[in-house]
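Naming: A, B, ... by sequence-line order, numbering from 1 per chain. Computed over heavy atoms, backbone and side chain alike; hydrogens, waters and symmetry mates excluded.
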Amino acid sequence: MRWTQALIPTLKESPSDAEIVSHKLLLRAGLVRKLSGGLYTFLPLGLRVLRKIEQIVREEMDRAGALEVLMPALQPPEIWQQSGRYETASEVFYKVRDRAKKEWILGPTHEEVITTMVAGELSSYRQLPKSFYQIQTKFRDEIRPRFGLMRAKEFIMKDAYSFDSSDEAAQVSYQKMYDAYTRIFERCGLKAFPVEADTGVMGGKFSHEFMVPAETGENEVVYCDACSYAANIEKATSKIAGTPAGDSAAAIEKFATPGVKTIEDLTKAPYEVAAQQQIKTLVYMVEDKPVLVLVRGDHQLNEAKLVGTLGTATFRAATVDEIFAALGAYPGSLGAVSVKDLPVYADEILRGASSMTTGANEKGFHLRNVSIERDIQVKQWADLRSVQVGEACPKCGEPLKVRRAIEVGHVFKLGTKYTEALNAVYSDEAGKQQPAVMGCYGIGVTRTLQAVIEQCNDKDGIIWPLSVAPYRVCITPLGIVPGSAVMALAEKIYAELSAQGVDVLLDDRDDRPGVKFKDADLVGFPIRIAIGEKSLAKGEVELKLRGGVLKAIKQEEAVSEILAALKPQP
RNA sequence: CGGAGCGUAGCUCAGCCUGGUAGAGCACUUGCUUUGGGAGCAAGACGUCGCAGGUUCGAAUCCUGUCGCUCCGACCA
């Protein structure tokens, strides 16, 4: 491709609505343009990168034995009602109506569609295992689209689904996908690592997310340097000492705490109650009914874990007025002692705790000497707290660390939730009808693209890995006079590389060298070959790897040197 | 959904407080010069100041509403 015939609209300055480096570079390098919030057009260069990533995904899916299909983006609501997700996932749906006013759903994911298809085709255990995948546009009404392609209303996803005749077989399918994902991200030049993850509204037994470390990531990952433990903070656990027991026989005592509003206030003089001797009382509304959630004063509630404990994701923090209606007190003085008519969920770490202090449900008063099992009617104990930096690794006991990351892939072992609901059953060896055991696997293809940029850049622009670069070689003649020695050589190298099947861009613009170099660095072509009168007088051209050093090479060796540089490193 | 900020040329932004001829830089067009890291000079073209009301002799500017965009939050009682 010749630059003058392409559309590569680079920008000197970042558009003001881009915040993070990868979003800025997407726009500045002329890869995408925004249509509206969370909606982007891929320009020719961006599309080339996207196609290369898709191709890597395809090759690895095929290698893992998955079969490519293509499902409709427009879906009937009936199958969502059948799976039970019409209600639980309704917030992410974009819904449209046809001329008869019938409602349709723009697919946010495809478990229901694939399972319906499989239900129609599956009859015998002899057909299993089977895995299917597709690369397709998904639609999600995100609460807040942001950071360009990172969280968009419409995005391209590779989604895959496995069907097996047993739990053990499903585990094998899961492992194949897990391994394929590892290879995919590696081939894209990404340093991604798997972490244990929460299954959330998807349901199912367990899952892993593939994370790309990045300060701008929306996820927090807990990990251990000493062993292999890594988990999303929504899922992570740690070994910590139980709450020290005090005098469990001492009677509850109410004491005045004028002006105390927070846990921290109570740790100061004259009260001096350590945060770990306090019970934090939180009020949540679950389907419009208040519930109390207790964690230790120095701990933080993890809402993702609360989802699992409550068995629903439809809850929210209560408003101040709702709290007053439920407990007769305002935040700052809340407690669960002698609360009988509201369900109380308590974090495991509080089990057996005594000599605790908590609010008295009366402004300006707290209670001390609270023995939680004696004084509070707990409906359910559960792991409800977030792990904090420095706590002991649950595997090896070394201190845990926390870092931010971008989720680029997610694999789930689902079990039979969808196959039972949508009747995807087969006859086993004994002729008995069994629901297939299912797994589902997603890669955010467009997000992966941006994650590569987020990870591979410097002050001058993008540094594309060879595998996904829009063009792998950029030829930069410093003058473009037709017939000149410089231009003739540029054309010759261009023709020879093209004949070798190398995707190469010839910068034939009538611009000053500085402009061409800046643009080549910004877009991030892995290999740049500069041809100018000065070096050509010595029979040389300049080979530069993006982010590497400049190397003068003989003009007749240019093509072979480039081909060598394109070979995969051993 | 709650909070905050921003909407002025293709892009980055100034002007608004204190109402009175709509601006700069970059990009674009033409010409000349220049040609190894985002050139210089000259001339030119490009705007319903997001939209709708209101106040006023007069609104980019003040007021109200609305739409869009961006960020933060949606546990820390």
Side-chain angles (χ1 to χ4, degrees), chain A residues 9-20 23-24 27-28 30 33-39 91 141-148 151 216 218 233-234 257 260-266 275 278-285 292-307 315-320 322-324 326-327 329-336 347 358-361 363 366 384-386 388 459-461 476-481 484 486 509-522 528 530-537 541-542 544 550 552:
Chain A
T10 57
L11 303 172
K12 277 191 194 176
E13 293 176 285
S14 302
S16 56
D17 52 11
E19 192 72 16
I20 65 174
H23 187 194
K24 289 179 181 170
L27 294 163
R28 288 191 56 207
R33 284 294 180 263
K34 184 172 76 175
L35 173 64
S36 179
L39 298 172
E91 301 218 322
D141 188 2
E142 293 285 348
I143 297 176
R144 181 148 86 91
R146 57 172 149 182
F147 300 151
R151 184 170 292 281
T216 52
E218 295 189 272
I233 195 151
E234 296 178 344
T257 51
V260 168
K261 285 240 184 293
T262 64
I263 299 282
E264 201 196 339
D265 291 345
L266 208 52
Q278 301 186 38
I279 302 169
K280 191 188 290 189
T281 307
L282 307 165
V283 185
Y284 275 79
M285 301 301 285
L292 301 188
V293 182
L294 310 184
V295 295
R296 211 168 74 183
D298 57 333
H299 290 161
Q300 315 231 334
L301 172 68
N302 185 325
E303 285 196 352
K305 290 181 179 177
L306 190 56
V307 172
F315 62 79
R316 59 178 171 82
T319 65
V320 169
E322 285 166 341
I323 291 171
F324 187 81
L327 294 174
Y330 288 108
S333 335
L334 303 180
D347 183 53
T358 190
N361 286 337
K363 189 178 183 185
H366 279 74
L384 292 171
R385 52 182 287 276
S386 282
Q388 292 170 351
K459 65 175 173 45
D460 294 317
T476 306
L478 300 185
I480 58 150
V481 180
S484 66
V486 164
R509 293 176 297 171
D510 186 14
D511 265 308
R512 298 164 62 87
V515 173
K516 295 186 174 195
F517 290 143
K518 285 287 185 189
D519 270 350
D521 287 347
L522 175 59
R528 186 183 76 206
I531 307 168
E533 279 182 21
K534 286 182 191 167
S535 47
L536 196 54
V541 298
E542 285 157 11
K544 181 157 185 313
L550 201 99

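At the heavy-atom level, A:I323 lies under 4.0 Å from base atoms of the strands shown. Using a 4.0 Å heavy-atom cutoff across all strands shown, A:G37 reaches sugar-phosphate atoms only and no base atom. When heavy atoms are screened at a 4.0 angstrom cut-off, A:D521 is found touching base atoms of the nucleic acid. Residue A:F147 is in sugar-phosphate contact alone, with no base atom involved, counting any heavy-atom pair closer than 4.0 Å across all strands shown. No engagement by A:V295 is indicated, since no non-hydrogen atom pair under 4.0 Å with the nucleic acid exists. The residue A:K34 sits close only to the backbone: its heavy atoms come under 4.0 Å of sugar-phosphate atoms, none of a base.
Distances shown here put a side-chain N or O of A:R144 below 4.0 Å from the OP1 or OP2 atom of B:C72. At least one side-chain nitrogen or oxygen of A:R146 sits closer than 4.0 Å to the OP1 or OP2 atom of B:C72. Note on A:S14: every side-chain N or O is 4.0 Å or more away from OP1 and OP2 of B:U12. Side-chain nitrogen and oxygen atoms of A:S16 include at least one within less than 4.0 Å of the OP1 or OP2 phosphate oxygen of B:U12.
Remark: B:A4 base-pairs with B:U70; criterion is Watson-Crick or G-U wobble with both hydrogen-bond distances under 3.5 Å. In a base pair of the Watson-Crick type (N1 to N3 plus N6-O4 or O6-N4) or a G-U wobble (N1-O2 and O6-N3), with each distance short of 3.5 Å, B:A9 is matched with no nucleotide. Across all strands shown, B:A60 forms no Watson-Crick or G-U wobble pair with both distances under 3.5 Å. With a cut-off of 3.5 Å on both pairing distances, B:C49 has no Watson-Crick or G-U wobble partner at all. Of all nucleotides present, none satisfies the Watson-Crick or G-U wobble test against B:C17 with each distance under 3.5 Å. With a cut-off of 3.5 Å on both Watson-Crick or G-U wobble distances, the partner of B:A39 is given as B:U33. Base pairing analysis places B:G44 opposite B:C28; the two distances defining the Watson-Crick or G-U wobble pair are each below 3.5 Å.
Closest to the A:L522 side chain, of the nucleotides B:C11, B:G38, B:A77, is B:G38. Between B:U35, B:U70, B:C26, one nucleotide has an atom nearer to the side chain of A:K12 than all others, and that is B:C26. Side-chain proximity of A:D17 to the nucleotides B:G25, B:C1, B:C69 is greatest for B:C69. The A:L334 side chain lies nearest to B:A77 when the options are B:A77, B:C75, B:G37. Taking only side-chain atoms of A:I143, from C-beta outward, the nucleotide of B:G38, B:C75, B:A74 with the closest atom is B:A74. For A:R528, counting side-chain heavy atoms from C-beta on, the closest listed nucleotide (B:G38, B:G37, B:G36) is B:G37. Among B:G36, B:A39, B:G38, the nucleotide with an atom closest to any side-chain atom of A:K518 is B:G38. In this structure, the nucleotide among B:G37, B:C75, B:C11 sitting nearest to the side chain of A:P15 is B:C11. Nearest to the side chain of A:E542, among B:G73, B:G36, B:U70, sits B:G36.
Residue-to-nucleotide contacts include a donor-acceptor pair under 3.5 Å from the side chain of A:S535 to the base of B:G36. Contact annotation: side chain of A:D519 to base of B:G38, donor-acceptor pair present below 3.5 Å. Taking 3.5 Å as the limit, the base of B:G38 and the side chain of A:R28 contain a donor-acceptor pair of atoms between them. You'll find a donor-acceptor pair under 3.5 Å spanning the side chain of A:Q300 and the base of B:C75, going by distance alone.
Of the C1' atoms belonging to B:U8 and B:A59, the separation is 14 Å, rounded to the nearest Å. Using C1' as the reference atom, B:C49 and B:G23 are 11 Å apart when rounded to the nearest Å. B:U70 sits 23 Å from B:A52 when the P atoms are compared, rounded to a whole Å. Look at the C1' atom in both B:C26 and B:A45: the space between them is 16 Å, to the nearest Å. Between the C1' atoms of B:G37 and B:G44, the separation comes to 30 Å (whole Å). Rounded to whole Å, the separation between the C1' atoms of B:U64 and B:G73 comes to 28 Å. Spacing of P atoms, B:A14 relative to B:G50, comes out at 14 Å, to the nearest Å. Remark: the separation of the C1' atoms in B:G25 and B:C32 is 23 Å, to the nearest Å.
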Can you check side chain to side chain contact (heavy atoms under 4.5 Å, CB included) on A:E218 and A:R146, steps first, answer last? CA-CA 10 Å; A:E218 295 189 272; A:R146 57 172 149 182; 2.9 Å; yes
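Here B:C75 presents its P atom at 17 Å from CG of A:L294, a figure rounded to the nearest Å. Remark: C1' of B:C75 and CD of A:Q388 are 13 Å apart, rounded to the nearest angstrom. Atom pair A:D511:CG and B:G38:C1' shows a separation of 9 Å (rounding to whole Å applied). Rounded to whole angstrom, the span from the CZ atom of A:R151 across to the P atom of B:G73 amounts to 13 Å. Rounded to an integer number of Å, the gap from A:K261 NZ to B:A77 C1' is 10 Å.
A donor-acceptor pair under 3.5 Å is absent between the side-chain atoms of A:E142 and the main chain of A:G38, judged by distance alone.
The closest side-chain heavy-atom distance from A:K280 to A:I263 is below 4.5 Å. Put simply, the side chain of A:I531 does not reach to within 4.5 Å of the side chain of A:L478, judged on heavy atoms.
Considering A:K24, A:R33, A:K34 as possible partners of A:D17, the one that fulfils the salt bridge (charged side-chain N to carboxylate O under 4.0 Å, His left out) test is A:K34. Between A:R509 and the options A:T476, A:D519, A:I480, a side-chain contact (heavy atoms from CB on, under 4.5 Å) holds for only A:D519.
Not counting sequence neighbours, A:S16 has no partner by the side chain to side chain donor-acceptor pair (under 3.5 Å) test. Residues satisfying the salt bridge (Lys or Arg N to Asp or Glu O under 4.0 Å) criterion with A:R28, sequence neighbours excluded, are absent altogether.
Judged by closest nucleotide on RNA chain B, A:K544 is the one of A:E264 and A:K544 placed further toward the 5' end. Nearer the 5' end of RNA chain B, as judged by each residue's closest nucleotide, is the contact made by A:G514, out of A:G514 and A:G148.
A:D265 approaches A:K261 most closely through the heavy-atom pair OD2-N, 2.9 Å.
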